[in-house]
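This report concerns only the one structure given below.
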Amino acid sequence: MGIRMSLYDKPMGSERMEMRKRQMSVHQDTVSTAQPQQGVGNRGSNACCFCWCCCCSCSCLTVRNPEDERRRASNEIRGDGIPNWEESPTPTLEDVYSWGQSFDKLMNTPAGRNAFREFLRTEFSEENMLFWMACEDLKNEANKNVIEEKARLIYEDYISILSPKEVSLDSRVREVINRNMLEPTQHTFDDAQLQIYTLMHRDSYPRFMNSVIYKNLLQSLSENTNES
């Protein structure tokens with residue numbers, strides 16, 4: 001009887017071991033297939049970190065570069081800056097005559113600045129007017145962060161020796177600007193703006209008065225006045 005029991009128990013133990021191995025194998029297969037499904041299907045608090053589909057808007061999949069953010073802000077400020085052409089009513093004949101009497105009157109009107117900018121383009125010196133206008137825009141800004149960003153852009157565009165639009169300034173004014181850039185304000189470029197304004201007044205303005213652009217504008221308005 002004892003021999004029969006041992007022979008009987010042996011196969012039963014083998015069967016149990018085989019069944020146990022099968023159960024463990026099935027369990028491992030189930031776990032291995034369930035894990036990726038959980039990552040895709042489960043939308044828990046951290047589940048989207050394993051989601052690579054295009055519909056996932058999780059911020060963990062969006063890498064934000066601070067330098068890219070700064071450039072984007074700079075481009076927005078540049079885009080909102082100086083227009084290629086200022087909106088203004090058509091100047092009258094008296095307006096155009098007054099431009100010939102005073103450079104200040106020319107620069108104080110949008111129509112006058114537009115005409116002068118058109119002339120400066122023909123002399124490849126429009127950067128002088130653009131710099132002057134950028135400084136005027138800076139003076140009207142009140143937000144400290146925007147002031148700092150606009151001052152930096154003005155420096156990069158018109159003061160830096162690496163810029164193709166660099167304006168002509170003496171060493172004293174450049175030293176003043178470099179000191180002011182440590183803590184930029186609305187008046188960081190006041191000395192430089194005055195120097196460029198004086199340069200345009202003494203150098204470009206007399207040639208503008210004798211230019212075809214000014215004479216044609218004057219003649220056109222004179223003819224319109226006579227016709228009316």
Side-chain angles (χ1 to χ4, degrees), residues 74-141 147 149-181 184-221:
S74 298
N75 290 333
E76 289 179 355
I77 292 177
R78 274 197 174 101
D80 295 336
I82 302 169
N84 291 328
W85 191 264
E86 294 183 81
E87 294 184 4
S88 66
T90 302
T92 64
L93 183 60
E94 290 74 17
D95 291 333
V96 179
Y97 271 126
S98 70
W99 299 348
Q101 299 169 358
S102 168
F103 183 64
D104 291 340
K105 291 181 179 179
L106 170 71
M107 293 291 286
N108 284 336
T109 62
R113 291 191 295 270
N114 284 336
F116 193 43
R117 279 181 68 180
E118 184 179 356
F119 168 74
L120 292 176
R121 290 190 191 104
T122 66
E123 294 200 332
F124 305 100
S125 58
E126 186 187 11
E127 66 273 3
N128 290 331
M129 174 66 82
L130 296 177
F131 170 69
W132 184 87
M133 294 175 68
C135 293
E136 288 295 294
D137 178 65
L138 181 64
K139 289 178 181 179
N140 295 325
E141 184 58 58
I147 287 173
E149 184 62 18
K150 284 187 174 183
R152 186 184 64 80
L153 293 177
I154 291 174
Y155 190 95
E156 289 180 357
D157 289 344
Y158 304 109
I159 308 301
S160 172
I161 61 175
L162 301 177
S163 173
K165 297 186 293 184
E166 177 195 6
V167 296
S168 179
L169 299 170
D170 60 38
S171 58
R172 180 193 65 83
V173 172
R174 287 184 175 275
E175 290 177 2
V176 171
I177 292 175
N178 289 333
R179 289 197 300 269
N180 291 343
M181 284 298 293
T185 68
Q186 297 102 319
H187 305 285
T188 294
F189 303 98
D190 281 2
D191 288 354
Q193 185 186 23
L194 177 60
Q195 190 169 99
I196 295 302
Y197 187 90
T198 303
L199 175 65
M200 291 190 293
H201 186 190
R202 294 178 179 176
D203 186 54
S204 302
Y205 175 64
R207 291 197 298 275
F208 168 71
M209 298 309 305
N210 294 316
S211 69
V212 174
I213 292 175
Y214 179 74
K215 290 179 178 179
N216 286 346
L217 181 59
L218 198 61
Q219 181 180 354
S220 176
L221 291 173

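Numbering starts at 1 and runs along the sequence shown. Predicted model only: the values in this text are computed from it and were never measured.
Proximity of a side-chain donor or acceptor of Tyr214 to a complementary backbone N or O of Val96 within less than 3.5 Å is detected. Using a distance-only test at 3.5 Å, with no hydrogens or angles considered, a donor-acceptor pair links the side chain of Thr198 to the main chain of Leu194. Checking side-chain atoms of Arg117 against main-chain N and O of Leu130 turns up no donor-acceptor pair under 3.5 Å. Between the side chain of Asn180 and the backbone N or O of Ile177, no donor-acceptor pair lies under 3.5 Å. Here the side chain of Asp203 pairs no donor or acceptor atom with the backbone of Leu199 at under 3.5 angstrom. Judged purely by atom type and a 3.5 angstrom limit, Ser220 has no side-chain atom pairing as donor or acceptor with the backbone of Leu217. The main-chain N or O of Trp132 is found under 3.5 Å from a side-chain atom of Gln193 such that the two form a donor-acceptor pair. In this structure, the side chain of Gln195 does not engage the main chain of Val173 through any donor-acceptor pair within 3.5 Å. Between the side chain of Asp137 and the backbone N or O of Met133 there is no donor-acceptor pair closer than 3.5 Å.
From Ile196, atom CD1 reaches atom OG of Ser168 across 6.5 Å, with rounding to the nearest 0.5 Å. In this structure, Phe119 CZ and Asn210 CG are separated by 9.0 Å, a value rounded to the nearest 0.5 Å. Rounding to the nearest 0.5 angstrom, the gap separating the CG atom in Asn128 from the OH atom in Tyr158 is 10.5 Å. Taking CZ of Phe131 as the reference point, atom CD1 of Ile159 lies at 4.0 Å (rounded to 0.5 Å). Taking CD1 from Ile154 and CZ from Phe189, the interatomic distance works out to 5.0 Å, rounded to the nearest 0.5 Å. The distance from atom CD of Glu118 to atom CE of Met129, rounded to the nearest 0.5 Å, is 12.0 Å.
Between Arg152 and Glu149 a salt bridge is recorded (basic side-chain N to carboxylate O distance below 4.0 Å). Contact check on Glu94 versus Lys105 returns no salt bridge, with no Lys/Arg side-chain nitrogen under 4.0 Å from an Asp/Glu carboxylate oxygen.
Looking at Trp99 and Pro91, their side chains come closer than 4.5 Å, going by heavy atoms from C-beta outward. Taking 4.5 Å as the limit, some side-chain heavy atom of Leu218 sits within range of a side-chain heavy atom of Leu93. In this structure the side chain of Ile213 reaches within 4.5 angstrom of the side chain of Thr122, judged on heavy atoms. The shortest side-chain heavy-atom distance between Glu127 and Ser125 falls under the 4.5 Å cut-off. Put simply, the side chain of Thr92 does not reach to within 4.5 Å of the side chain of Leu221, judged on heavy atoms.
With sequence neighbours excluded, the residues satisfying salt bridge (Lys or Arg N to Asp or Glu O under 4.0 Å) with Glu141 are Lys150. In this view, Pro110 and Glu86, Ser88, Arg113 satisfy the side chain to side chain contact (heavy atoms under 4.5 Å, CB included) rule, not counting sequence neighbours.
A pairwise comparison of heavy atoms in Arg174 and Ile161 identifies NH1-CG2, 4.4 Å as the closest pair. Closest heavy-atom contact between Ala151 and Pro184: CB-CB, 3.7 Å.
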Test salt bridge (charged side-chain N to carboxylate O under 4.0 Å, His left out) applied to Glu136 and Lys139, step by step: CA-CA 5 Å; Glu136 288 295 294; Lys139 289 178 181 179; 3.5 Å; yes
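Ring-plane geometry between Phe208 and Phe116 is classed as perpendicular, the angle between the planes exceeding 60 degrees on a 0 to 90 degree scale with a lower cut at 30.
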